[in-house]
Amino acid sequence: MVKFKERILVTAALPYVNNVPHLGNLVGSHLPADIYARFCRLKGYDTLFIGGTDEHGTPIEVAAKKEGVLPRVLCDKYYKLQKKYYDWFAVSYDNFSRTSKPIHHDITKEFFSKIYKNGYIFDDVLKLPYCKKCERFLPDRFVEGECPYCGQGARGDQCDHCTKLLNPDELINPYCIICNNKPEIVETKHLFLDLSKLSPKLKKWIIKNKHWKVNVRNLALGWIKEGLKPRCITRDLKWGVGVPIPEFKNKVFYVWFDAPIGYISSTKEWAERNKKDFKKWLTGSTKIIHFIGKDNIPFHTIFWPGMLIAEGGTYNLPWQVAGLEYLNFEGRKFSKSKSRGIFLNNVIDLEFEPDIWRYYLSTILPETSDTDFSWDEFQARVNNELIGNLGNFVNRILTFINKNFNGKAPKSDKYDLYDKKVLKNIDEASRISGELLYTLRFRDSLREILHLSSIGNKYFQDKKPWENKEKSSTTLYVCLQIICKLGVLITPYLPNTSEKIKKQLNLKDLGSWDKGIGVKPSHKLGKPEILFKRIEDKKIKELKENFGGK
RNA sequence: AGCGGGAUGGAGGAGCAUGGAGUCCUCGUCGGGCUCAUAACCCGAAGAUCACAGGUUCAAAUCCUGUUCCCGCUACCA
């Protein structure tokens with residue numbers, strides 16, 4: 001493991017604020033980012049975990065217009081909701097900002113000006129569909145019509161029937177999906193980021209990053225291999241970050257230009273509030289790690305690093321791009337329009353506490369390939385692993401001590417070989433699970449932690465303390481140390497449960513990842529309580545009916 | 001269509017870079033044990049042509065070629 005003091009900036013993908021996120025969104029970035037950030041803190045690393053909402057772009061401007069409100073109002077609404085959900089899930093953001101804040105606009109303009117000065121920007125004229133009635137240019141997907149190849153209904157970017165890629169001007173009988181009027185093609189001048197110029201530097205950098213996951217690295221190299229093209233970074237919208245060039249004063253930046261700069265502005269906002277030096281967190285030895293869904297990989301391995309290079313290298317390039325795959329729901333995609341899946345507004349109204357969700361979701365984090373949410377598995381994992389293994393171990397030990405040792409931590413006598421072996425297992429658990437977590441192997445790490453609890457269950461069973469209650473103090477003492485360690489190790493995954501354990505042990509602090517604070521003999525313990533309620537078959541049946549998604 | 005990823009006992013995963021007896025993990029199933037604990041815990045067993053077809057090799061889940069199926073991306077959705 002790492003010897004020097006690490007400084008790590010953890011980010012989760014900035015969620016777009018036009019809707020309510022679903023479990024897949026949570027699992028793809030916020031949850032793993034939170035687990036990682038909490039782990040880093042426990043390891044004693046200098047850790048900052050930032051995020052925020054991505055609030056610009058056409059969909060928001062259009063949605064606001066449909067609701068008859070200003071984009072600002074719509075964003076306020078969804079920002080509050082999203083913040084509420086992430087708080088509920090105990091996502092421990094140090095700062096959860098918004099790209100609509102002035103600090104973000106200022107930094108984006110400054111960032112752009114540097115790229116501009118460094119010669120990576122040029123302008124060009126585009127012919128784009130314009131809707132007179134809506135008084136706006138339309139993104140390709142906002143124009144629909146008949147496919148020129150198969151005659152079926154198609155969007156302006158692609159025909160879903162024959163999968164041909166299209167341009168909006170190819171469509172027959174095109175119409176604006178907002179107002180159904182026929183759009184016309186109008187010339188408009190835009191700014192472009194010259195990615196082709198950045199390609200050699202990007203390639204060199206990507207190849208160097210051997211610690212990236214294979215899928216992330218290959219995808220990035222694939223883009224380089226195909227040849228990077230200049231990317232348009234402005235849009236004809238009103239809602240967004242204004243372009244600081246007089247000729248383009250009626251345009252705003254493309255959301256994907258300004259969104260990643262949100263990582264910088266959110267960090268700066270946090271630093272200003274806490275009177276810290278924000279550059280410390282974005283330069284020098286700081287390792288920046290981005291947690292994102294797989295659809296986001298090109299943006300974080302190509303465009304964003306390209307922007308950072310073009311800016312002149314003020315800020316560190318990402319150290320790690322943790323691209324996660326997708327979570328499906330009962331074998332199919334989450335879909336808002338088909339109301340299939342579980343959305344976060346549903347989740348907080350169901351009776352399960354956050355750690356129940358966090359546990360199951362952690363066991364199905366899509367680290368290497370897409371995974372599937374299933375109610376049956378949800379119930380089985382929670383009942384058998386979380387409750388049967390961990391919850392039961394903690395409860396059986398604390399109850400036993402409460403009944404037979406007057407609620408005070410027993411004394412340890414002479415250790416036999418078995419006792420010693422188990423004590424050694426405690427140290428091994430934090431070492432092994434720590435190494436796994438550091439290298440982003442969340443599921444393996446969690447399994448290792450549960451394994452410790454399993455060792456505890458077996459140890460208790462083998463020692464049969466119930467047969468000889470007076471002579472069992474060493475066994476119970478060892479078991480208590482296991483609980484202490486478990487309390488620490490589960491913190492990244494189950495922060496609320498860790499708190500509960502701490503309370504039941506009547507300790508103020510459980511210590512760090514590597515150096516736990518054990519329980520001293522005669523220490524008065526708290527009241528043992530059941531950690532989680534079992535999930536009944538009836539409940540699962542009911543949930544399947546409500547959220548079957550069939 | 002192109003590019004990238006994937007297919008492993010009934011379910012889900014790891015293993016593949018650097019070939020070495022189908023090896024491991026979680027769950028399920030079957031049999032037994034225990035009774036401190038939330039019908040929880042512990043032990044044992046059954047169960048697999050490693051997607052398919054070829055090839056390289058003394059040896060292939062792992063390397064090569066082809067095929068099928070699933071997922072993502074392809075730059076103006078974000």
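Chain naming here is simple, since letters A, B, ... match the order of the sequence lines and numbering starts at 1 in each.
Nucleotides of RNA chain B nearest to Lys533(A) and Pro139(A) differ in position, and the one nearer the 5' end is that of Lys533(A).
The nucleotide whose nearest atom lies closest to any side-chain atom of Trp223(A) is, among A37(B), C76(B), C73(B), C73(B). The side chain of Tyr254(A) lies closest to C76(B) when the candidates are C76(B), C73(B), G15(B). Nearest nucleotide to the side chain of Arg443(A), out of C36(B), G13(B), C76(B): G13(B). Taking every side-chain heavy atom of Gln461(A) into account, C42(B) is the closest of C42(B), C76(B), U35(B). Side-chain proximity of Asp444(A) to the nucleotides A78(B), C41(B), A14(B) is greatest for A14(B). Between C36(B), C25(B), A37(B), one nucleotide has an atom nearer to the side chain of Arg447(A) than all others, and that is C25(B).
Straight-line distance from the CD atom of Glu385(A) to the C1' atom of C41(B): 15 Å, rounded to whole Å. A straight line from CZ of Phe373(A) to C1' of A11(B) spans 16 Å, rounded to a whole angstrom. To the nearest angstrom, P of U35(B) lies 17 Å from NZ of Lys463(A). The distance between atom NZ of Lys229(A) and atom P of U74(B), rounded to the nearest whole Å, is 11 Å. Distance Ile387(A) CD1 to C27(B) C1': 15 Å, rounded to the nearest Å. Atom-to-atom, CG of Asn384(A) to C1' of A11(B) comes out at 13 Å; the value is rounded to the nearest Å. As rounded to whole Å, 23 Å separates atom P of A17(B) from atom CH2 of Trp212(A). In this entry the distance linking NE2 of His56(A) with P of C77(B) reads 18 Å, nearest Å.
Regarding contacts with the backbone of C71(B), every side-chain N or O of Thr371(A) stays at 4.0 angstrom or more from both OP1 and OP2. Taking side-chain N and O atoms only, Asn389(A) has no distance below 4.0 Å to OP1 or OP2 of C41(B). At C76(B), one or more side-chain N or O atoms of Arg231(A) fall inside 4.0 Å of OP1 or OP2 (strictly under the cut-off). Side-chain N/O atoms of Lys458(A) include one lying less than 4.0 angstrom from OP1 or OP2 on C43(B).
The backbone N or O of Pro465(A) lies less than 3.5 Å from no partner atom in the side chain of Asn468(A), so there is not a single donor-acceptor pair. Not one N or O on the side chain of Asn25(A) forms a donor-acceptor pair closer than 3.5 Å with the backbone of Pro15(A).
Stacking between Phe400(A) and C36(B) is absent: the ring centroid is not both under 5.5 Å from the six-membered base ring centre and under 30° in plane angle.
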Base-pair map of RNA chain B as dot-bracket, where | denotes pairing with a different strand and pairs are Watson-Crick or G-U under 3.5 Å: ((((((((.[[[[[)....(..]]]]].(((((.......))))).....[[[[[..)....]]]]])))))))....
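Of the residues Leu531(A), Ile483(A), Asn402(A), the one that meets the side chain to side chain contact (heavy atoms under 4.5 Å, CB included) test with Gln504(A) is Leu531(A).
The shortest side-chain heavy-atom distance between Ile233(A) and Trp256(A) does not fall under the 4.5 Å cut-off. Considering only heavy atoms from C-beta on, Tyr130(A) stays 4.5 Å or farther from Thr188(A) through its side chain.
Minimum interatomic distance between His300(A) and Tyr263(A) (heavy atoms only, all atoms of both residues): NE2-OH, 2.7 Å.
Counting non-hydrogen atoms under 4.0 angstrom, Pro59(A) reaches the backbone sugars and phosphates but no base. Within 4.0 Å (heavy atoms only), Lys333(A) reaches sugar-phosphate atoms of the nucleic acid but no base atom. Residue-level contact check: Ile297(A) touches neither bases nor backbone, having no heavy atom under 4.0 Å from any strand. Counting non-hydrogen atoms under 4.0 angstrom, Phe532(A) reaches a base of the nucleic acid. Using a 4.0 Å heavy-atom distance criterion, Ser454(A) is classed as a sugar-phosphate-only contact. Base engagement by Leu531(A) is indicated by at least one non-hydrogen atom pair under 4.0 Å involving a base atom. Residue Lys403(A) is classed as a sugar-phosphate contact, given heavy-atom separations below 4.0 Å to backbone atoms only. Using a 4.0 Å heavy-atom criterion, one finds that Thr363(A) contacts no nucleic acid atom at all. Nucleic acid contact for Tyr326(A): sugar-phosphate only, since backbone atoms but no base atoms lie under 4.0 Å from a heavy atom of the residue. Using a 4.0 Å heavy-atom criterion, one finds that Gly456(A) contacts no nucleic acid atom at all. Using a 4.0 Å heavy-atom distance criterion, Leu126(A) is classed as a base contact. The residue Leu228(A) sits close to a base: some heavy atom pair falls under 4.0 Å. Using a 4.0 Å heavy-atom criterion, one finds that Asp54(A) contacts the sugar-phosphate atoms exclusively. Heavy atoms of Phe299(A) sit under 4.0 angstrom from at least one base atom.
No side-chain donor-acceptor contact under 3.5 Å links His190(A) and Asp124(A). With hydrogens and angles left out, the side-chain atoms of Gln379(A) and Asn384(A) include no donor and acceptor closer than 3.5 Å. Remark: the Thr58(A) side chain and the Arg235(A) side chain contain no N/O donor-acceptor pair separated by less than 3.5 Å. Checking Glu55(A) against Ser100(A) by side-chain atom types alone, a donor-acceptor pair falls below 3.5 Å. The closest side-chain donor-acceptor pair between Tyr477(A) and Asp419(A), if any, does not fall under 3.5 angstrom.
Remark: the separation of the C1' atoms in U62(B) and C16(B) is 4 Å, to the nearest Å. With both ends at atom P, the span from C25(B) to A46(B) equals 15 Å, rounded to whole Å. Annotation: A1(B) and G10(B) have their P atoms spaced 32 Å apart (nearest Å). Remark: the separation of the C1' atoms in A78(B) and A60(B) is 44 Å, to the nearest Å.
In this structure, Phe329(A) and Phe373(A) have parallel ring planes: the angle between them is below the 30° cut-off, well short of the 60° mark.
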Pairs under 3.5 Å (N/O, protein and nucleotides 6-8 of chain B):
none

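Ring to ring, Phe378(A) and Phe352(A) are close: their centroids are under 6.0 angstrom apart.
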